[in-house]
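The model shown is predicted, which means the values in this text are computed figures rather than measured ones.
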Amino acid sequence: MKQKIQELSAQIFNEVVGFRQHIHANPELSFHEYETSRYVKDKLASWGIPFTEMANTGVVGLITGAKPSNQVIALRADMDALPIAEANDKPYKSKNEGVMHACGHDVHTSSLLGTAYILNQMKDDFAGTVKLVFQPAEELLPGGASIMIKEGVLENPKPQAIIGQHVMPLIETGKVGFRSGIYMASTDELYVTVTGKGGHGAQPHQNIDPVVITAHIIVALQQIVSRNADPRLPSVLSFGKVNANGATNVIPNEVKLEGTFRTLNEEWRNEAHRLMTKMAEGIAESMGGSCHFDIHRGYPFLINEEKLTDNARANAQDYLGREHVIDLDIWMAAEDFAYYSQVTDACFYRLGTGNAAKGTTYSVHTPNFDIDEEALKTSTGLMAYLALKQLGN
């Protein structure tokens, strides 16, 4: 089986590169992946793979092995791009101004198409069903995964597990990384409005300065992490945007503040929300102003089911060689794949795409992000192998 997958992966490699470059050149923002969705459906249809539509632009394909089995495994790829202007000068550079596949979702989608081709070619050889989940809107709340789940992506047929992969330029091309248990953080967006009484900067005694109130709130809220969180539990509270919109001699009426809170425990997450709100509102009131603390609850933490992930790691070592499989540390970024991990057994692993000689070491979410396309040799075949091994073939 392994040899046949490797042969088919090599056979489809140049096409997968073409898939990736086409999708990269035509990026679409979250919930607007219409052309990408059409492209995926056209490829599946050309191979005779049945599919259904879900979550508006989502696509779910099914490949059923010829041998009898009630086992089902889901494989997931996300399709959306980011509102970033691409700085790379490549033939496949984004044609859509201000939109770029800066997080590698073009890689995920093209890789799953390649995996679909391999599995479809092998359906007479295996037992079980593979559900291909091409998901929209990973980058934007509430997350396409949550919508797909609500619309029944994990039903009819019901998969016993779901596997996803994500590019990582910090890992060398040809390698992959796994972590069992809790892996990625929950994420919440914080939108805070501090209101005071504006006026002339030379007459602060006649005003209620929301800038000073905001400064106190920013500093004090760090105590939520340093003095309230269990020090053994990773927590991150960061504010990246402060808008006072006054002037050198103008104290504004209000200040707007935006940030993020991330952690790895749902009980502490809820308690932190309560403490942050109480502290910010209390500080503002004690200084004569008011504070509206709005929390946009984001993705939950991502947990890799241990048995599934340990099996996937062992199968990856078998497919790639032990030296090409590394262990991952906790990652405080967030992923809407976490929604799947909250309701079924899940494994989310990292695909190495970095190559210093080719300049593909820029971080995701940057205008210079790109991949070493040799990684597509790993991504397609490995996922097919993991799926069939998980199905018991």
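Linking ILVMFWY residues whenever their side-chain heavy atoms come closer than 4.5 Å, directly or via other members, places M279 and I213 in the same cluster. Linking Ile, Leu, Val, Met, Phe, Trp and Tyr whenever their side-chain heavy atoms come within less than 4.5 Å puts M184 and I326 in one cluster. In the hydrophobic cluster analysis, where Ile, Leu, Val, Met, Phe, Trp and Tyr join through side-chain heavy atoms closer than 4.5 angstrom, L388 is grouped together with Y349. Both L82 and M79 sit in one connected hydrophobic cluster of ILVMFWY residues. Membership requires side-chain heavy atoms under 4.5 Å apart, directly or through other members. Both I5 and L351 are assigned to one and the same hydrophobic cluster, defined by single-linkage of ILVMFWY side chains at heavy-atom distances under 4.5 Å.
Of the possible donor and acceptor atoms, none in the side chain of T380 sits under 3.5 Å from a partner among the backbone N and O of S9. A donor-acceptor pair under 3.5 Å is formed between the side chain of T173 and the backbone N or O of G354. Between the S37 side chain and the G58 main chain, no donor and acceptor come within less than 3.5 Å of each other. Side-chain N or O atoms of H273 include none that pairs as donor or acceptor with a backbone N or O of E271 at under 3.5 Å. Side-chain N or O atoms of T366 include one that pairs as donor or acceptor with a backbone N or O of S363 at under 3.5 Å. Under the 3.5 Å distance criterion, the side-chain polar atoms of Y385 are left unmatched by any main-chain donor or acceptor of L320. Listed for the S110 side chain is a donor-acceptor partner under 3.5 Å among the backbone atoms of V107. E305 places a side-chain N or O within 3.5 Å of a backbone atom of L308 that can act as its donor or acceptor partner. Proximity of a side-chain donor or acceptor of T263 to a complementary backbone N or O of P234 within less than 3.5 Å is detected. In this structure a side-chain-to-backbone donor-acceptor pair under 3.5 Å is present from D80 to E138.
Here K241 does not pair with E189 in a salt bridge; the nearest charged N to carboxylate O distance is not below 4.0 Å. One finds no salt bridge joining K256 and D294 here, because no Lys/Arg side-chain nitrogen approaches an Asp/Glu carboxylate oxygen to under 4.0 Å. Note on R20 versus D370: salt bridge recorded, some NZ/NE/NH1/NH2 to OD/OE distance being below 4.0 Å. A salt bridge is defined here as a Lys NZ or Arg NE, NH1 or NH2 lying under 4.0 Å from an Asp or Glu carboxylate O, and K4 with E7 fails to meet this definition.
The side-chain heavy atoms of I295 and L190, taken from C-beta on, include a pair separated by under 4.5 Å. The closest side-chain heavy-atom distance from W268 to D230 is not below 4.5 Å. Put simply, the side chain of E35 does not reach to within 4.5 Å of the side chain of N26, judged on heavy atoms.
With a 6.0 Å radius and a threshold of 12 heavy atoms from other residues, nucleotides or ligands, K278 has its NZ atom at or below the threshold. Dense packing is recorded around NZ of K41, with more than 12 heavy atoms of other residues, nucleotides or ligands lying under 6.0 Å away. The number of heavy atoms from other shown groups lying within 6.0 Å of CD (E285) does not exceed 12. Summarising the local packing, NZ of K307 is surrounded by 12 or fewer heavy atoms from other residues, nucleotides or ligands at distances under 6.0 Å. Annotation for E323: atom CD counts as buried by contact number, over 12 foreign heavy atoms lying within 6.0 Å. By the neighbour-count criterion of 12 heavy atoms within 6.0 Å, atom NZ of K358 is densely surrounded, having more than that number from other residues, nucleotides or ligands. Counted within 6.0 Å of CD on Q3, heavy atoms from surrounding residues, nucleotides or ligands total 12 or fewer; the atom is thus considered open. When the shell of 6.0 Å around NE2 of H324 is examined, it contains more than 12 heavy atoms from other residues, nucleotides or ligands.
Of the listed residues (R262, R269, H296), just one forms a side-chain hydrogen bond (donor to acceptor under 3.5 Å, both in side chains) with D188, and that residue is R269. Among the candidates F337, Y339, Y340, the single residue satisfying the ring-ring contact (aromatic ring centres under 6.0 Å, His included) test with F348 is F337. Screening L44, V60, T57 for a side chain to side chain contact (heavy atoms under 4.5 Å, CB included) with F134, the sole residue that qualifies is L44. Looking at H108, H166, Q135 one by one, the single match for side-chain hydrogen bond (donor to acceptor under 3.5 Å, both in side chains) with D78 turns out to be H108.
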- prompt: Y183 and E335: side chain to side chain donor-acceptor pair (under 3.5 Å), yes or no, with the steps?
  reply: CA-CA 10 Å; Y183 174 43; E335 239 283 351; over 6 Å; no
CA sep, side-chain torsions, deciding dist, call: L62, T129, side-chain contact (heavy atoms from CB on, under 4.5 Å): CA-CA 7 Å; L62 281 180; T129 299; 3.8 Å; yes
- prompt: For T260 and S238, what are the C-alpha separation, side-chain angles and deciding distance, and is it a side chain to side chain donor-acceptor pair (under 3.5 Å)?
  reply: CA-CA 5 Å; T260 183; S238 298; over 6 Å; no
message: Run the side-chain contact (heavy atoms from CB on, under 4.5 Å) test on F293 and L221 for me, step by step, so that the C-alpha distance in whole Å, both residues' side-chain angles and the decisive distance to 0.1 Å come before the verdict.
response: CA-CA 12 Å; F293 204 99; L221 285 177; 3.9 Å; yes
- request: Step by step, work out the side-chain contact (heavy atoms from CB on, under 4.5 Å) result for S69 and F126.
  value: CA-CA 9 Å; S69 172; F126 71 85; over 6 Å; no
query: Passes side chain to side chain donor-acceptor pair (under 3.5 Å), N265 versus E267? Steps please.
result: CA-CA 6 Å; N265 179 282; E267 291 183 6; 5.5 Å; no
message: Between S180 and D310, is the side chain to side chain donor-acceptor pair (under 3.5 Å) condition met? List the steps.
response: CA-CA 7 Å; S180 297; D310 289 346; 2.6 Å; yes
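One distance of note links OG1 of T193 with CD of E258; it measures 9.0 Å at 0.5 Å rounding. Between the CG atom of N120 and the OG1 atom of T115 there is a distance of 12.0 Å, given to the nearest 0.5 Å. Taken to the nearest 0.5 Å, the CZ atom of R313 stands 9.0 Å off from the CG atom of N304. Rounding to the nearest 0.5 angstrom, the gap separating the CG atom in L119 from the NZ atom in K123 is 11.0 Å. Taking CD1 from I23 and OH from Y39, the interatomic distance works out to 6.0 Å, rounded to the nearest 0.5 Å. Rounded to the nearest 0.5 angstrom, L112 CG and K43 NZ are separated by 14.5 Å.
Note on ring orientation: taking the six-membered ring where Trp is involved, the planes of H24 and H101 are tilted (angle from 30° to 60°).
Summarising the geometry of D209 relative to I251, their closest heavy-atom pair is OD1-CG2, 3.6 Å, with the distance given to 0.1 Å. Nearest heavy atoms, S111 versus L376: OG-CD2, 3.5 Å. When every heavy atom of F13 is checked against every heavy atom of E373, the shortest pair comes out as CE1-O, 3.4 Å. Contact detail for K95 and P27: the closest heavy-atom pair is N-CD, 4.5 Å. Closest heavy-atom contact between A81 and L29: O-CD2, 3.8 Å.
For K158, the salt bridge (charged side-chain N to carboxylate O under 4.0 Å, His left out) partners two or more places apart in sequence, or in a different chain, are E155.
Cation-pi geometry between R179 and W331 is not satisfied (NZ or CZ under 6.0 Å from the ring centre, within 45° of the ring normal).
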